*Asks:* 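Structure provided below as structure tokens; questions to follow.
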Amino acid sequence: MSHKNIFNMHKSWWKILSVVLLVYTFTAGILMKVPRLPQLQETIRNLYFHVCMWFAMMILFIISVVHAIKYLRTNNLKNDICSREYASVGIIMGILGYATGAIWMSYTWADPNIPSVTFSLIAKEPKLIGAAIALLIYFAYLVLRDSIQDIDKRARVSAVYNIFAFAMLFPSIWILPRVLPSLHPGGSEGNPALDFKSADPRLRMVFYPAIAGWTLLAVWITTIKIRMRYIKDKSILNA
Amino acid sequence: MKPLQNIWALFRKDLLLEIRQQYSFYGILLYIGSTIFVIYMAVDTPENRVWNGLFWVLQLFICINAVAKSFLQESRGRMLYFYSIVSPAEFVLSKLLFNSLLMLVMSLLSLLLFSLFLSNPVIKIFPFIGLVLLGSWSLSLVFTFLAAIAAKAQQNAAIMAILGFPIIIPQLILLMRLSRAVFSHLIAMPVNVIFLLIALDVMIIFLAVILFPFLWKD
């Protein structure tokens, strides 16, 4: 069983690390001092949750594409299962990102007196459009998968779509913020979260561990789903 | 020069089929005509921004209908025959070439009809025609590859729409941005966005050539 080494995910140190980091995120993230900016005030703490969801989503989608490429190279159905499960958990992280963003938005950008107007203004955000495109692509990926009966064909066609769509998604995430006006910080020059200079050091002390913690948790959930799928499809995988 | 000859032969085959079986060509023409008539009934003289938006959405739907059949029309036996005589890259390039031509013709015709029915607020007419050609080329490339995927999944045009719409949104946004410049003398057309669109098109061609062989073998 040589695959045991590659897919060894039964017990690992990184699961403990994930729990430790998340406990730290919740305690330090809620108790530690944060810089008070006008309009944001204490809501800046949502940075440790909202932004981390998007990071986890993008990382899971990248892992999904890597598995799709691996599948096309090796024709190993296990890679196909990994690709699918990483995509579906990535979608869940994306939905959570929207949910946390909606809560944050309602305290900062939205005008409670005219909810419908502010919604149509905010929905035009380039980052929201980018996230919507990513989610729509992976929903379409799941629909495409389910529409094909033959297992090998399904794996191959969906891997091809996964790679093609992801290759188109990346330039669009890069392009959109540069051509559309934005409310998000650092709107016109890329990603403010990765800029080491602009974020306050007090925020960074919790923010980076939080990204790692949430991503590891998402990967953990996915590995459990993958193992369940392996057991369900045992007869096909061993054939 | 063998690959070029093969691509040319396959391209000519598609062209001849289109000329001999004219029903599909006229079918798309009728689709364009009736869609524009419906839009004309719904809004008679739209303002510039609405005109622009409606025009590009119309291009999107024309493209789905014009390109959808390109892989579905090949029967299983014929695909097997092509498989034995040409490489997958040659096959997909010939399809990309043919669909680009088809879509260029269709978009020019639709621009003509659109201007007849809904008036033409465009001031810089030649830059806009160039933009329409560039846009329809981008659309045809993306949807040709998606048609290949949809044909493998034995699905109709509906799955092409759900696969393609999220992917095409960025290019449509860029095209609509660019075409805002043609409605007034004051706004200049940003050249770097045009290069960006061309770069995206080149990337799609590369992806199609790399990924199509995996779709082809059964």
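The structure displayed is predicted, hence computed values, not measured ones. We name chains A, B, ... by the order of the sequence lines, and we start the count at 1 in each one.
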*Asks:* Treating A:Lys153 as the side-chain partner and B:Lys152 as the backbone partner, does any N or O pair qualify as donor plus acceptor under 3.5 Å?
*Replies:*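 Yes, the answer is positive, given that a donor and an acceptor are paired below the 3.5 Å cut-off.
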
*Asks:* Between B:Leu211 and A:Val160, which heavy-atom pair has the shortest distance, and what is it?
*Replies:*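 Nearest pair, atom of B:Leu211 first, then A:Val160: CD1-O, 3.8 Å.
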
*Asks:* So which bits of residues 194-206 of chain B come within less than 4.5 Å of chain A, counting non-hydrogen atoms only?
*Replies:*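 Expected list: B:Leu196, B:Leu200, B:Met203, B:Ile204.
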
*Asks:* Distance check, rounded to the nearest 0.5 Å: A:Leu136 atom CG versus B:Ile162 atom CD1?
*Replies:*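 CD1 of B:Ile162 is found 9.5 Å from CG of A:Leu136.
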
*Asks:* Using a cut-off of 6.0 Å, state whether more than 12 heavy atoms not belonging to B:Phe183 lie near its atom CZ.
*Replies:*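 Yes, because the 6.0 Å sphere around CZ of B:Phe183 holds more than 12 heavy atoms from other groups.
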
*Asks:* Taking side chain as everything from C-beta outward and backbone as N, CA, C, O, which of these in B:Phe165 sits under 4.5 Å from a heavy atom of chain A? Side chain, backbone, both or neither.
*Replies:*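 The answer is neither part of B:Phe165.
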
*Asks:* State whether the number of non-hydrogen atoms from other residues, nucleotides or ligands found under 6.0 Å of B:Arg12 atom CZ is greater than 12.
*Replies:*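 Open.
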
*Asks:* Where on B:Ile168 is there a heavy atom nearer than 4.5 Å to chain A: the side chain, the backbone, both, or neither?
*Replies:*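 Looking at B:Ile168, nothing touches chain A.
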
*Asks:* I'd like to know whether B:Ile169 forms a side-chain contact (heavy atoms from CB on, under 4.5 Å) with A:Ser172, so could you lay out the CA-CA distance, the side-chain angles of the two residues, the decisive distance to 0.1 Å, and finally the verdict.
*Replies:* CA-CA 9 Å; B:Ile169 289 170; A:Ser172 52; over 6 Å; no

*Asks:* Against chain B, label A:Leu169 side chain, backbone, both or neither, depending on which of its atoms sit under 4.5 Å from a heavy atom there.
*Replies:*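 Contact with chain B is absent: no heavy atom of A:Leu169 under 4.5 Å.
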
*Asks:* Listed by chain and number, what are the ring pair (Phe, Tyr, Trp, His ring centres under 6.0 Å) partners of B:Phe214, not counting sequence neighbours?
*Replies:*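 Residues passing ring pair (Phe, Tyr, Trp, His ring centres under 6.0 Å) with B:Phe214: none at all.
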
*Asks:* Looking at A:Asp150, A:Asp152, A:Val157, A:Ile133, which one has more heavy-atom pairs under 4.5 Å with chain B than the rest?
*Replies:*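 Among the listed options, the one with the most contacts to chain B is A:Ile133.
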
*Asks:* For B:Ile210, is it the side chain, the backbone, both or neither that has a heavy atom under 4.5 Å from a heavy atom of chain A?
*Replies:*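 No part of it gets close to chain A.
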
*Asks:* Do A:Phe164 and B:Ile167 have side-chain heavy atoms sitting under 4.5 Å apart?
*Replies:*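 Yes, close enough: below the 4.5 Å cut-off.
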
*Asks:* With no hydrogens and no angle check, is any side-chain donor or acceptor of A:Tyr161 less than 3.5 Å from a backbone partner on B:Leu163?
*Replies:*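 Indeed, once roles are kept as given, a pair shorter than 3.5 Å links the two residues.
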
